[in-house]
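A short write-up of the structure that comes next.
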Amino acid sequence: MNLRDDARALSDDLVQLRRSLHRIPETGLDLPRTQEAVLAELDGLPLELSTGDGLSSVTAVLRGAAPGPTVLLRGDMDALPVAERTGLDFAADNGRMHACGHDLHTTMLTGAARLLAAHRDRLAGDVLFMFQPGEEGYDGARHMLAEGLLDAAGQRPVAAYAIHVLSAGVPSGVFGTRGGPALSASNVLRVTVRGEGGHGSMPHRAKDPVQAGCAMVTALQAWITRTFDVFDPVILTVGTFHAGTKQNVIPDTAVFEATVRSFSDRAQARVKDGTVEVCRGIAAAYGVGVDAEFSEVYPITVNDDAAADFAADTVREVLGEERYAPMRQPLQGSEDFSRVLAEVPGAMLVLGAPPAGADPERSANNHSPLAEFDDAVLADGAAVYAELAARRLAV
């Protein structure tokens, strides 16, 4: 099978599909137009198709000509609530945007389905295609797993792979992965400080929740730097802080929320309890009440060592040594593909896709309203998806 050459022959079709998806971004678990576009693209292929009950997922099974194991390939489909400012002639105008490149993931996975379907007579086993909504904070992978994803082919997959594009930080067309932790766990710390309001000129007659809340924010940062090893880091960023209605009124409450990231089970357990304890301690010192809640969103994405090595070897053999650069450290982002990898050994790969001619260190990052992605990576992305499945089935 010369899947790379076959993928190049699909290049124009892949670009057209990606740009059409880019124009119709949808968020959350319900992506009716995106689901319709994927089903139309897969129509006519020898696939067993099913859709989700509680979400707009698409599951497709390709049966090989001979019996064998099952390999899962995943592409997420949802966009972000970001107003696009790229100025591209196919930019979205509905206040949403494929700012994380999921339109590329969906396109590459449909391309892989076409490639593998054309060579199904040479496959010993089955390929399970996972088109997933709701990655951006809606835990779509968990929903698909609950609806029986891993049993869709009649047997659980022996391996699972996903590719995620990056609009910055990695040169266009270069793949990377690593064994062990590949992306962080994602958590949310929500804190409500309860004081007693009063006149801004007489703070001694009130219990100021703003002052106490600010102390919590700074104390949390100090606690993290003095608690966690720099080689097993924790990241805490306060993204919202709300209090008050007027400059001379001390409010009754102050509310803030933080994202918390960790890269090991040990650090995760410690930060979960410790952040709440810090907030309670500061509240006691200031004589105010506090409700502090630590919620786990996505677990750590942990790549299987052997699967990551297999993926790296596949990229090198298919595309050349210069197209692979190992991930030296995990990414600080988080992924619900972690839930699949907790059930099935596999790996997530990254693929550099900054716009053509751009400096990867200066181009707009994923989630930016200015993020752009290079269509030139689509064919090779589809080829790598297909090669991962075909080669793993041949093991």
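Keep in mind the model is a prediction, meaning the values are calculated, not measured.
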#### Entry: Minimal non-hydrogen separation, G352 against P354, with atom names
C-CD, 3.5 Å
### Heavy-atom donor-acceptor pair, D336 side chain to G140 backbone, under 3.5 Å
yes
#### Entry: Donor-acceptor contact present, side-chain D103 to main-chain L21, <3.5 Å
no
### Task
Please name the pair of heavy atoms, one in P157 and one in V344, separated by the smallest distance, quoted to 0.1 Å.
O-CG1, 3.6 Å
### Task
Tell me yes or no: between the side chains of D78 and T27, is some donor less than 3.5 Å from an acceptor?
no
#### Entry: Cluster link L331 to I235, ILVMFWY, side chain under 4.5 Å
no
### Task
Of all the heavy-atom pairs spanning G75 and L109, show the shortest one and how long it is.
N-CD2, 3.3 Å
### Query
Hey, is R4 close enough to E387 for a salt bridge, meaning N to O under 4.0 Å?
no
### OG1 on T86 to NE2 on H98, rounded to 0.5 Å
12.5 Å
### Summary
The reported gap from CZ in F337 to CD in Q132 (rounded to nearest 0.5 angstrom) is 9.5 Å
### Task
Without swapping roles, check the side chain of S262 against the backbone of S184 for a donor-acceptor pair under 3.5 Å.
no
#### Entry: Heavy-atom side-chain contact between Y298 and L183 under 4.5 Å
no
### Query
If you measure from CG on L378 to NE2 on H105, what distance do you get to the nearest 0.5 Å?
10.0 Å
### Query
Can you check whether R178's main-chain N or O pairs, donor with acceptor, with N303's side chain at less than 3.5 Å?
yes
### Task
Assess whether atom CG of N94 is packed by more than 12 heavy atoms of other residues, nucleotides or ligands within 6.0 Å.
yes
#### Entry: D12 atom CG, over 12 foreign heavy atoms within 6.0 Å
no
### Message
Between T259 and R261, is there a side-chain donor-acceptor contact under 3.5 Å, judged purely by atom types and distance?
### Response
yes
### Task
Would you check if T301 and S334 make a side-chain contact, meaning some heavy-atom pair closer than 4.5 Å?
no
#### Entry: 4.5 Å side-chain heavy-atom contact, L149 and L72
yes
### ILVMFWY cluster membership beyond V238 - transitive side-chain contacts under 4.5 angstrom
L189, V191, V193, M216, V217, L220, W223, I224, F228, V234, L236, F241, F256, V260, V271, V276, V278, I282, Y286, V288, V290, F294
### Query
Can you find a heavy atom in the side chain of D139 that is under 4.5 Å from one in the side chain of R339?
yes
### Query
CG of D313 to OH of Y324: how many Å apart, nearest 0.5 Å?
8.5 Å
### Task
Work out which heavy atom in P355 is nearest to a heavy atom in D374; give both atom names and the distance.
CA-CB, 4.3 Å
### Donor + acceptor pair across side chains of T70, Q155 (<3.5 Å)
yes
### Task
Determine the minimum heavy-atom distance between F263 and D232, stating which atoms define it.
C-OD1, 4.3 Å
#### Entry: Note, K272 side chain near N187 side chain (heavy atom, < 4.5 Å)
no
### Message
Does any part of the side chain of H164, heavy atoms only, come nearer than 4.5 Å to the side chain of C100, both counted from C-beta?
### Response
yes
### Task
Apply side-chain contact (heavy atoms from CB on, under 4.5 Å) to I300 and D265, showing your working.
CA-CA 8 Å; I300 303 163; D265 291 338; 3.9 Å; yes
### Message
Using side-chain contact (heavy atoms from CB on, under 4.5 Å), reason through M144 and T59 one step at a time and then give a plain yes or no.
### Response
CA-CA 9 Å; M144 291 189 71; T59 301; 3.6 Å; yes
### Any side-chain heavy-atom pair of F131 and T110 under 4.5 Å
yes
### Query
Looking at OH of Y138 and CD of E135, how far apart are the two atoms once the value is rounded to the nearest 0.5 Å?
12.0 Å
## Note on the structure
Note: S167 and A364 closest approach over all heavy atoms is OG-O, 2.7 Å
### Query
Yes or no on salt bridge (Lys or Arg N to Asp or Glu O under 4.0 Å) for R323 and D380, after CA distance, side-chain angles and deciding distance?
CA-CA 10 Å; R323 297 288 299 280; D380 283 347; 2.9 Å; yes
Could you go through residues 33-41 and list every donor-acceptor pair under 3.5 Å that involves a side-chain atom there, pairing it with any protein atom two or more places apart or in another chain?
residue, atom, partner, partner atom, Å
T34, OG1, E26, OE1, 2.7
Q35, NE2, S57, O, 3.0
E41, OE2, R114, NH1, 3.4

### Message
With clusters defined by side-chain heavy atoms of hydrophobic residues (ILVMFWY) lying less than 4.5 Å apart, directly or transitively, does L123 cluster with L128?
### Response
no
### Task
Look only at the side chain of D305 and the backbone of G180, and say whether a donor-acceptor pair between them is shorter than 3.5 Å.
yes
### Message
If I take atom CD from residue E136 and atom CG from residue L29, how far apart are they, to the nearest 0.5 angstrom?
### Response
12.0 Å
### Message
Just so I know, are the side chains of T177 and V315 near enough to count as touching, which here means a heavy-atom distance under 4.5 Å?
### Response
no
### Query
Near Q16 CD, under 6.0 Å, is it more than 12 heavy atoms from other residues, nucleotides or ligands?
no
### Query
With respect to Y161, which candidate in V384, T314, V71 satisfies the side-chain contact (heavy atoms from CB on, under 4.5 Å) definition?
V71
